Amino acid sequence: MAVLNRLNEVGTHFTWHEVNAHTPFCAYEGARYDPELARQCMSLALDLFHRKLGQGDLSAAEMSTNTRN
């Protein structure tokens, strides 16, 4: 929790997710595999990529002055 505490101390804007799984990336096979949890984690990752790599991270003012090819 030291990382979480430090992020809060310095006023970082972030989202923190914790899941109840055997590994950070879930088990990919067998009885431990949770397809719904895997889907939720993939969705979180894709949402982040969209916001940070796509136009989803630009404000309306930036979008009117910047062009993407």
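This one's a predicted model, so the numbers in the text were calculated from it and none came from an experiment. Side chains are part of it too, since the values below use all heavy atoms of this structure and drop only hydrogens, waters and symmetry mates.
Side-chain contact check for Leu4 versus Phe14: some heavy-atom pair is nearer than 4.5 Å.
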Derivation of the side-chain contact (heavy atoms from CB on, under 4.5 Å) call for Trp16 and Asn8: CA-CA 11 Å; Trp16 186 270; Asn8 285 323; over 6 Å; no
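Not counting sequence neighbours, the partners of Glu36 by the side-chain hydrogen bond (donor to acceptor under 3.5 Å, both in side chains) test are Arg39, Gln40. Remark: His13 pairs with no residue by the side chain to side chain contact (heavy atoms under 4.5 Å, CB included) rule, at least two apart or across chains.
How far CG of Leu48 is from OG1 of Thr15: 9.0 Å, rounded to the nearest 0.5 Å. One distance of note links CE of Met42 with CG of Asp47; it measures 11.5 Å at 0.5 Å rounding.
In the hydrophobic clustering of this structure, Met1 groups with Leu7; members are Ile, Leu, Val, Met, Phe, Trp, Tyr whose side-chain heavy atoms approach within less than 4.5 Å, directly or through other members.
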